[in-house]
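If you scroll down you'll find the structure; I have some questions about it.
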Amino acid sequence: MRNTVKQRAEYTFKFNRNLGRHGWLRLTPAYGVKLVEKLWEYRDKNAVILDPFSGTATTGLVAAERGNQAFAFDINPFLVWLGNAKCQTYSPDCLTDIRQQVKEALRAYPNLIHQENWTPKIFRIERWWSASTLRAIAALRTALVEQFGEPSNNAYGLVWIAFCRLVIETSSAAFNHISMSFHNSVTHFEVEYVETLFANILDVILKSANLPLLGDASIVQADSRTITDLNGIKVDRVITSPPYPNRMSYIRELRPYMYWTKFLQEAKEAGEIDWQSIGGTWGIATSRLASWQIEEKVLPDELFFIVDRIQKTERKNAHLMGIYVLKYFHDMHLHLSALRNLLASGAKVQYAIGNSTFFGNKVDTPAIIAHSMKMLGYQQVRWEIIRKRNSNKALYEYCISAIWAG
């Protein structure tokens with residue numbers, strides 16, 4: 001059966017590119033709108049939807065487009081900001097005001113090129129932008145700040161999403177992988193080109209923002225392992241895709257956006273967010289694994305078996321990677337435990353999640369998560385393969401579903 005499973009690009013971020021708000025900012029960790037639609041075939045407009053791992057707010061936005069009330073959590077403040085901007089209703093007057101103010105900013109922009117403008121402290125920034133391009137986008141940022149204020153402190157999110165798109169489209173970054181790489185050469189962009197490209201990007205965003213949302217979605221900065229209340233509201237449906245147990249830093253691709261919008265000031269802050277997250281470990285987060293102590297010891301037996309097998313390979317960092325796998329599923333167990341406080345009786349939960357391998361040892365993610373669910377009182381727990389993730393390895397994406405009987 002597994003040999004016939006397809007990779008199904010329509011379930012990934014690639015499908016979102018031309019879907020209005022879903023395509024405003026390209027991020028590899030995003031999953032496709034088609035995947036949410038597959039999981040949520042029965043459309044109950046009275047259902048309250050929750051995504052405890054919001055990411056790019058795909059689930060929340062789909063729910064709002066369908067007319068539902070939705071809530072989402074994320075631990076990353078930039079993603080909370082981005083998600084709320086994507087899920088906001090914009091009046092015609094608001095969009096007209098943005099267009100007029102951007103015209104004022106673009107008038108001032110050429111006069112700022114030759115002054116010293118603020119640039120972020122990105123390591124080896126010359127790999128990202130040529131000196132001339134960097135001057136141009138820094139001057140544009142100054143002009144936008146003078147008109148709209150800093151991005152993290154105001155309501156003009158559409159302007160700054162367009163600026164983030166500009167930043168990445170003028171960079172030498174290559175999106176061949178979630179960790180990002182760079183083209184062999186850095187392209188030089190003229191001042192006029194930067195201005196025109198920004199105006200075109202913003203125009204596309206403003207046109208799609210003009211389409212009203214039928215429902216409402218809000219994204220809250222919160223730790224999914226400790227959630228206990230949603231202002232008394234109970235959730236009918238959970239549709240989410242948490243990080244996978246693959247030691248991938250989900251903040252790495254976000255860094256250029258976060259630096260330019262000042263959600264990040266220095267590199268160690270990225271490590272702190274990684275450490276607080278489920279499934280990401282890099283820099284500070286990796287160094288802290290060695291001293292991490294488990295809190296919840298009542299976990300599925302198969303988890304401890306696979307951790308032991310990983311550590312017995314005696315490969316470089318094998319002991320540390322075993323701890324990482326243990327911490328990942330420990331954190332997911334804490335999340336599934338806390339989630340019960342938010343669920344209405346009969347609520348259905350669905351998790352799109354992938355398996356992984358460490359030193360040749362397969363981590364059977366769906367089986368371990370399903371076991372955690374059963375231990376915590378979830379019922380009708382089952383899983384199915386959604387798609388193949390890699391053509392050379394036995395890596396798949398699964399949907400794990402369950403019912404909370406209350």
Side-chain angles (χ1 to χ4, degrees), residues 12-14 16-18 22-30 55-56 76-79 81-82 85-86 102 105-106 109-110 112-113 116-145 150-152 157-205 248-267 269-270 273-274 282-283:
T12 72
F13 70 92
K14 296 176 182 178
N16 296 348
R17 292 174 179 171
N18 299 314
H22 292 282
W24 281 357
L25 196 59
R26 181 217 181 279
L27 293 167
T28 306
T56 60
N76 187 316
F78 174 81
L79 291 175
W81 170 84
L82 174 65
K86 290 171 71 174
V102 166
L106 293 180
Y109 159 65
L112 301 172
I113 293 292
E116 288 293 325
N117 295 294
W118 177 86
T119 55
K121 295 180 181 179
I122 296 177
F123 177 66
R124 291 185 63 188
I125 198 170
E126 70 279 0
R127 287 196 308 170
W128 291 83
W129 302 276
S130 69
S132 60
T133 304
L134 187 60
R135 282 196 302 272
I137 58 178
L140 177 59
R141 188 190 189 281
T142 298
L144 294 174
V145 168
E150 288 289 348
S152 59
L158 300 183
V159 174
W160 294 108
I161 291 174
F163 180 79
C164 287
R165 276 274 297 275
L166 172 77
V167 159
I168 211 65
E169 290 187 21
T170 56
S171 76
S172 61
F175 289 98
N176 299 321
H177 193 266
I178 191 173
S179 61
M180 296 181 65
S181 58
F182 293 90
H183 295 297
N184 294 328
S185 59
V186 181
T187 305
H188 299 269
F189 294 99
E190 300 296 331
V191 172
E192 294 78 8
Y193 177 83
V194 170
E195 176 181 345
T196 301
L197 179 58
F198 173 76
N200 290 341
I201 292 171
L202 181 63
D203 185 60
V204 171
I205 290 174
M248 184 62 68
S249 172
Y250 287 85
I251 199 174
R252 294 195 76 190
E253 187 181 341
L254 296 172
R255 287 179 301 173
Y257 308 126
M258 294 182 70
Y259 273 112
W260 278 103
T261 53
K262 292 191 176 180
F263 282 97
L264 275 183
Q265 302 288 342
E266 49 187 315
E269 295 172 354
I273 294 175
D274 240 346
W282 210 263

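Nothing fancy with the numbering, it's 1 onward along the sequence.
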*Could you check if a side-chain atom of N76 sits within less than 4.5 angstrom of a side-chain atom of I251, using non-hydrogen atoms only?*
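Yes, at least one pair of side-chain atoms sits under 4.5 Å.
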*asked:* Contact between Y259 and I125 at the side-chain level, heavy atoms closer than 4.5 Å - yes or no?
replied: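 With C-beta onward as the side chain, the pair stays apart.
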*Are the side chains of K262 and W118 in touch, meaning some heavy atoms are under 4.5 Å apart?*
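The answer is yes; the side chains approach within 4.5 Å.
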_Any salt bridge linking R255 with E269? Criterion: basic side-chain nitrogen under 4.0 Å from a carboxylate oxygen._
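Result for this pair is no, no salt bridge flagged.
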*Test item: W24 side-chain N/O and L158 main-chain N/O as donor-acceptor pair under 3.5 Å*: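 No, the answer is negative, given that no donor and acceptor are paired below the 3.5 Å cut-off.
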*Please tell me if the side chains of L27 and L79 come closer than 4.5 Å, counting only heavy atoms from C-beta onward.*
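Side-chain contact under 4.5 Å: yes.
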_Nearest atoms (heavy-atom pairs only) where V186 meets S130_ =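 Reported closest heavy-atom pair: CG1-N, 3.1 Å.
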*asked:* As a quick check of understanding, evaluate side-chain contact (heavy atoms from CB on, under 4.5 Å) for Y257 and R165, giving each step before the final call.
replied: CA-CA 9 Å; Y257 308 126; R165 276 274 297 275; over 6 Å; no
*Would you say S171's side chain and W128's backbone share a donor-acceptor pair under 3.5 angstrom?*
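No, S171 side chain to W128 backbone: no donor-acceptor pair under 3.5 Å.
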*Are the side chains of P77 and I273 in touch, meaning some heavy atoms are under 4.5 Å apart?*
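Yes, their side chains come closer than 4.5 Å.
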_Beyond-backbone contact of L140 with L112, side-chain heavy atoms, under 4.5 angstrom_ =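 When only atoms from C-beta onward are counted, L112 and L140 do not touch, as no gap falls below 4.5 Å.
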*According to the interplanar angle, ranging from 0 to 90°, do the rings of W81 and F263 count as parallel (below 30°), tilted (30 to 60°) or perpendicular (above 60°)?*
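It falls in the tilted class, 30° to 60°.
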Name the atoms and distances for all side-chain donor-acceptor pairs under 3.5 Å in residues 196-205, with sequence neighbours left out.
residue	atom	partner	partner atom	Å
T196	OG1	E192	O	3.0
N200	ND2	T196	O	3.4
D203	OD1	R99	NH1	3.1
D203	OD2	K207	NZ	3.2

*Test item: I122 and R127 side chains (from C-beta on) under 4.5 Å apart, heavy atoms*: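 No, side chains not in contact.
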_Y109 and L144, any side-chain heavy atoms less than 4.5 Å apart_ =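 Side chain of L144 against side chain of Y109, heavy atoms only: no contact under 4.5 Å found.
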*Are more than 12 heavy atoms from other residues, nucleotides or ligands located less than 6.0 Å from atom CD of E150?*
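Counting neighbours around CD of E150, more than 12 heavy atoms of other residues, nucleotides or ligands fall under 6.0 Å, so yes.
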*asked:* Go through it in stages, so that I can follow the logic: the residues are I137 and L166, the test is side-chain contact (heavy atoms from CB on, under 4.5 Å), and I'd like the CA-CA distance, side-chain angles, deciding distance and then a yes or no.
replied: CA-CA 8 Å; I137 58 178; L166 172 77; 4.0 Å; yes
